[in-house]
Amino acid sequence: MKDVFTRRNILIGAGGVAAVAGAVVGGRYVFRKRYAPSPYDDLLAKLNDRDAAAQLGESVLADSDDFDAKAVADDVRARLQNKTLVQATAVDAGEGRVMEAGGWILPETLALLCALAAKAAS
Amino acid sequence: MSAFIDARNVPSGTVLEPDLAIIGGGPVGISLALSLANTPLHVALLESGGMTFDSKTQALYEGARVGAPYLTLEASRLRYLGGSSNHWGGWCRPMDAIDFEERSWLPYSGWPITKKDIDKYFARAHALCEGGTLLYDRAGKYASEMGPAIALGDGGVTTRWFQFSKMRGSMLPTHFGDRYADDLKRIPRLQVYLHANATRLGLNAGGKNIDEIDVATLTGRKFKVKPKAVVLATGAVEAARLMLASNDVVTAGVGNEHDLVGRFFADHPIPRDTATLVIFDGKLSPYYTEQQTFRGAILRAGLFPSEAFRRANAVMGSSITIENRVDLDDLASAAVATTAAAIGVDAGDAIAFSLGCGMEVTPDPERRFTLDTDKDALGMPKLKLHMRIADSDFAHFRQTLKELGRQLLESRAGMLRLNLKTREDWLDGLDWGNHHMGTTRMHADPRKGVVNANLLVHSVANLYVAGTGVYPTYGAANPTINLIALVLRLADHLKGGLR
Ligand SMILES: Cc1cc2nc3c(=O)[nH]c(=O)nc-3n(C[C@H](O)[C@H](O)[C@H](O)COP(=O)(O)OP(=O)(O)OC[C@H]3O[C@@H](n4cnc5c(N)ncnc54)[C@H](O)[C@@H]3O)c2cc1C
């Protein structure tokens, strides 16, 4: 199923997620966080802090009018098939594949993972 | 030693007949006069101000501004002997070869000379700026004792070096007026007139030669100078004003047959806090944030786009400086922790800095000065600045910053956040270098430039313009040392031609 985001939807979504993320960050060290299952949990497991990544991912989503989560997940899965995240991000940086998230310059694979984390949290 | 002459004591009606008149006693006028010291030329240097600041003289620099935000015209320069070197920062750096080149992607680019043409004058220019041992990018070799350069790999941005004019205790760098006053007084065939304002460049009836210069003092004295040749060394803004206002023979103004005088004005925008630099291991060598004195020079490192990167990506020049330490907010901390983990480094000791910069702007004929209806105390029309800055200029610099961010990730040394995105972000708190350039551009073709490769006005046989006004494109290097090299080249030309 194609998951098309309009900028407006994303912004409305992002506001909601930010509030949730705030609560999560506040309670991070008190409760072990359980996440609702998402179609890309296999990918999100590679992040050391899903909530932090989701915060960054909000900005990636806000900047893309048309974010196709399934296609992105497939793409990231392919990139990570024979590589660790460390290896994939090194290739990204070496080959000039970087993206902006809230102004931060990130390796593309990481930025897309962050966007998926934000998507999963929404 | 001959004392300077106070023009307020020169009887009205006096006519001086030197070989050469230099109008303006800033770094350019002074360097030129010093370079002609051992020639048989009789030189008169006309300086508007005295030895110190005077508010009535300074007010002669007032003018109007419209358009994009910019400094007031009287605040961004000083009108007394030494000119703006009385409050310059002393930052020096040579321009790059690419700055002189015609670039297909950059309209109006291409100097009629190359970097090589002024290279041989650079050491002497550096000495006049009292820059100490000539090191610049060789400084890296010696600086490693103080700590390593930021690991940036082979990318588009590299560490390069600024050098500084000598400081004297708490005093700012070389003030050319104070520093060279005695040397000027020792030159036998030089007469320096203080409080002497050139108010008109008088063309002959055919419009091809400057026959006379009108000079006025704020006390009402008026006299004339009838030189064989004239060098206009009043700075870019005032040179345009004198040429446009001297419109009694050629109505468009001296040298303005092709409507170029006053156009293509430029300065280096200095947006604040353009980016946040994070260094993962918390170690940054001190020469990035503070001037360091070593090997007989005062130096500071900056980050610059390489010539190859500029060519390949069609971006303008820029310089990036690392400024003060900053704290990271929650989102920034999340970004650092997430990225460090993803690229496999420890960022437990990470520190962050705000980045400053100096940007080159693209040449724009509509960023220009015109004569205003208001007049100054000497009856000269004031100027009006039509200021503009293109979004593409900010975009060029953003591209360079993005490359720096990429390189930091590739080398796993750190990461970068771009802090400015919209035009409003860039313009908010935008400062400027006070580097006035481009009003009397240099070009081999008279339809495209006011002066030729020898700085001679195309349409006037004996008028030279020496100043950053002749820069057709601007680079990102601090202009003065390069300008002085260009002026020393002019001195050689004059030595050959005026004997
Ligand atoms: C705040 C500030 C900081 C700067 N920092 C740096 C820096 O760190 N590095 C760098 O490279 N550059 C710097 N600059 C720029 C530098 O000061 C100029 O490039 C340099 O002074 C230009 O020299 P000039 O002789 O062409 O012009 P000016 O210094 O402007 O001198 C022109 C002279 O002409 C005189 N004059 C003007 N009109 C007339 C007239 N009608 N008749 C007679 N005399 C006249 C003036 O009184 C003045 O003395 C800075 C400038 C400012 C304002």
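This is a predicted model, so every value here is computed, not measured. Letters A, B, ... are given to chains in the order of the sequence lines, protein chains preceding strands, and every chain is numbered from 1.
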Nearest 0.5 angstrom please: [X] [atom1] to [Y] [atom2], how far?
X: B:Gln407; Y: A:Ile105; atom1: CD; atom2: CD1; result: 12.0 Å
X: B:Thr338; Y: A:Gln55; atom1: OG1; atom2: CD; result: 8.0 Å
X: B:Thr339; Y: A:Leu56; atom1: OG1; atom2: CG; result: 6.0 Å

Side chain, backbone, both or neither: which part of A:Leu85 has a heavy atom under 4.5 Å from chain B?
->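 For A:Leu85, the contact with chain B is made by backbone and side chain together.
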Contact class of A:Glu100 relative to chain B, heavy atoms under 4.5 angstrom = side chain
Determine the option with the most heavy-atom pairs under 4.5 angstrom with chain A, choosing from [options].
options: B:Ala335, B:Gly405, B:Ala337; answer: B:Ala335
options: B:Gly155, B:Ala334, B:Gly153; answer: B:Ala334
options: B:Arg406, B:Glu403, B:Lys402, B:Met415; answer: B:Arg406

Other residues, nucleotides, ligands: >12 heavy atoms within 6.0 Å of B:Asp154 CG |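 Check fails, neighbour count at 12 or below.
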For B:Asp391, does the CG atom have more than 12 heavy-atom neighbours from other residues, nucleotides or ligands under 6.0 Å away?
-> yes
How close do B:Ala342 and A:Thr89 get, heavy atom to heavy atom, and via which atoms?
->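 Smallest heavy-atom distance, with atoms named: O-OG1, 3.3 Å.
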Taking every heavy atom of B:Leu328 against every heavy atom of A:Trp104, the minimum-distance pair comes out as CD2-CH2, 4.5 Å
Less than 4.5 Å to any heavy atom of chain A: does that hold for the side chain of [X], its backbone, both, or neither?
X: B:Ala275; result: neither
X: B:Val278; result: side chain
X: B:Lys421; result: side chain

Does a side-chain heavy-atom distance below 4.5 Å link A:Val86 with B:Arg412?
-> yes
Mind ranking A:Pro107, A:Gly102, A:Ala90 by heavy-atom pairs under 4.5 Å with chain B and telling me who comes out on top?
-> A:Pro107
